[in-house]
2 protein chains.
Amino acid sequence: MDGDGIGEPVKGDTRRKPAAPDGGREDGVRRRNVARILKAATTLFSRKGFEGTRIAEIAEAAGLPKANVYYYFSSKEDVYDAVIKRLIGDWDAALAHITPDADPRRALEGYVRAKLEHARKHGEESRVFASEIIGGARFLSRKDRQHMRDVTRTHAATIDGWIAAGKLRPVDPRHLLIMLWGMTQFYADFEILACDALEQPKLRRGDFDVAARTIVDTVLSSLVPQQGSQ
Amino acid sequence: MDGDGIGEPVKGDTRRKPAAPDGGREDGVRRRNVARILKAATTLFSRKGFEGTRIAEIAEAAGLPKANVYYYFSSKEDVYDAVIKRLIGDWDAALAHITPDADPRRALEGYVRAKLEHARKHGEESRVFASEIIGGARFLSRKDRQHMRDVTRTHAATIDGWIAAGKLRPVDPRHLLIMLWGMTQFYADFEILACDALEQPKLRRGDFDVAARTIVDTVLSSLVPQQGSQ
DNA sequence: TTAAAATCTGACCAAATGGTCAGAAAAACA
DNA sequence: TGTTTTTCTGACCATTTGGTCAGATTTTAA
């Protein structure tokens, strides 16, 4: 579920040359360059935000002349949009663990661990997304936001179902999702604070393991009825 | 504990005129204008980040000509620094609830509620701080970071003390603090996501109450020995 | 009233930045 | 091989922006 969808036909390809040589399956050059640009852009956007990032920087980091970036993307916003688009997939990939007939504890633990794993491996992407939200979601399409809302609603319903079935103690499902999201997100977005708090120069896999265990032990164990189920 | 320290002698006042008329107690004009500038700056920085905010905007929002902003601050970074400085105080104000001889449940609940209250009332400030951290804490002084580390260490020790005294179930205190910080922070920094998740146009006091109750009910109740002990 | 200090401001500027473009290479195709 | 399409790029430009400054205005001190 790690969606490596790098290089999908980018929105504003170019107006000068219609591009997209053979339908949709790009060969090599285009795909490779677009991927390079997006990778460099992700790193830079995560560090310096949208306004703080110069396309000249992106170009340099991607090993291309600036004008070449404009060959593939029509504007800086176009590059940013492409970066954001890749993130939405990650948003609910982790949530896929939460299904109606799954065991609540297993499902939520799976979600937490997937979320933390994502935080560990894709901190930069996460931070771009976080900045975008903090800044007012100015570039997030209405469609994408609606999608996130829908996903939340679906999973809230699932959790409500668990509660109704007596598989979970009563809890506001939406706030529960926010709690889990917030806790796990912290390790990616505020990695610096987490490092300071843990007094470590860098978060290692072991730290994420402890984090997962702590979250699971405290949050989940209080929600899943102890006696009956495992 | 809401520290209204607006208008303290700002770092780079001006080099042209030494300023600070009578020692430290500013009369009116300076204090008022500095306060206006910082307020406008906070709003704008929270929405558009450091690079995205133009000092001309700040000036306009503060109702002053741009050059006047430069009379009080030596540079854009100087303004930003002043805004950041005000936030550090908030950082541990909420943490003041956590003291060694307090009742763990009361203390942690107090912390959570104070944190959420802060999120509710000072979302903008919180978002500036969040952006700063996400962007790599480029403008946060070493002293301030050390301070935050120290505060965390102190409170982690307090929590460890509670555990040793059998007043709290064993838990990694640092991760616990991160959890609480992350959950509560979410409502401020990612207010947009929280609104979407709760399907509300705006977070109202009631939402924060439910949030507090949910956090307390799930996290804290699993940590504080209910009757006998663990 | 007068001198000095503090505050204010319009006009200005050098540098940086997003974006353009004409035409050169390089591939793909016939 | 010739031609068409795609890719690449140096040079260029209009605009924006952080920051400056000299002098005007107001406030405080004597």
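Note on naming: letters A, B, ... go to the chains in the order of the sequence lines (proteins, then strands), and numbering restarts at 1 for each one.
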[atom1] of [X] versus [atom2] of [N]: gap in Å, rounded?
{"X": "A:Tyr71", "N": "C:dG23", "atom1": "OH", "atom2": "C1'", "value": "14 Å"}
{"X": "A:Phe73", "N": "D:dC8", "atom1": "CZ", "atom2": "P", "value": "13 Å"}
{"X": "A:Arg32", "N": "D:dT7", "atom1": "CZ", "atom2": "P", "value": "11 Å"}
{"X": "B:Asn68", "N": "D:dA24", "atom1": "CG", "atom2": "P", "value": "18 Å"}
{"X": "B:Glu60", "N": "C:dT9", "atom1": "CD", "atom2": "C1'", "value": "16 Å"}
{"X": "B:Ile58", "N": "D:dG18", "atom1": "CD1", "atom2": "P", "value": "8 Å"}
{"X": "A:Leu64", "N": "D:dT6", "atom1": "CG", "atom2": "C1'", "value": "15 Å"}

Just the atom pairs and distances: protein N or O near nucleotides 12-18 of chain C's N or O, under 3.5 Å.
unit_1, atom_1, unit_2, atom_2, d
C:dT17, OP1, A:Arg54, NE, 2.8
C:dG18, OP1, A:Thr53, O, 3.4
C:dG18, OP1, A:Lys76, NZ, 3.1
C:dG18, OP2, A:Ile55, N, 3.4
C:dG18, N7, A:Lys66, NZ, 3.4

Side chain to side chain contact (heavy atoms under 4.5 Å, CB included) involving [X] - partner list, sequence neighbours excluded:
{"X": "A:Arg149", "answer": "A:Arg145, A:Gln146, B:Asp196"}
{"X": "B:Ala194", "answer": "A:Ile178, B:Phe186, B:Tyr187, B:Leu203"}
{"X": "B:Ala157", "answer": "none"}
{"X": "A:Ala40", "answer": "A:Ile58, A:Ala61, A:Ala62"}

Any A:Tyr72 side-chain nitrogen or oxygen under 4.0 Å from OP1 or OP2 of D:dT6: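 Negative; the distance criterion is not met.
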
Under-4.0 Å side-chain N/O to phosphate OP1/OP2 contact, A:Asn33 with D:dC8: yes

Anything under 3.5 Å between a donor and an acceptor, one on a side chain of residues 206-213 of chain B, the other on a protein residue two or more places apart or in another chain? List them.
unit_1, atom_1, unit_2, atom_2, d
B:Asp207, OD2, B:Arg204, N, 2.8

Nearest-neighbour nucleotide for the B:Pro65 side chain, D:dT7, C:dT20, C:dT9 considered: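 Comparing D:dT7, C:dT20, C:dT9 against the side chain of B:Pro65, the answer is C:dT9.
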
Donor-acceptor pair between B:Asp144 and B:Ser141 side chains, under 3.5 angstrom: yes

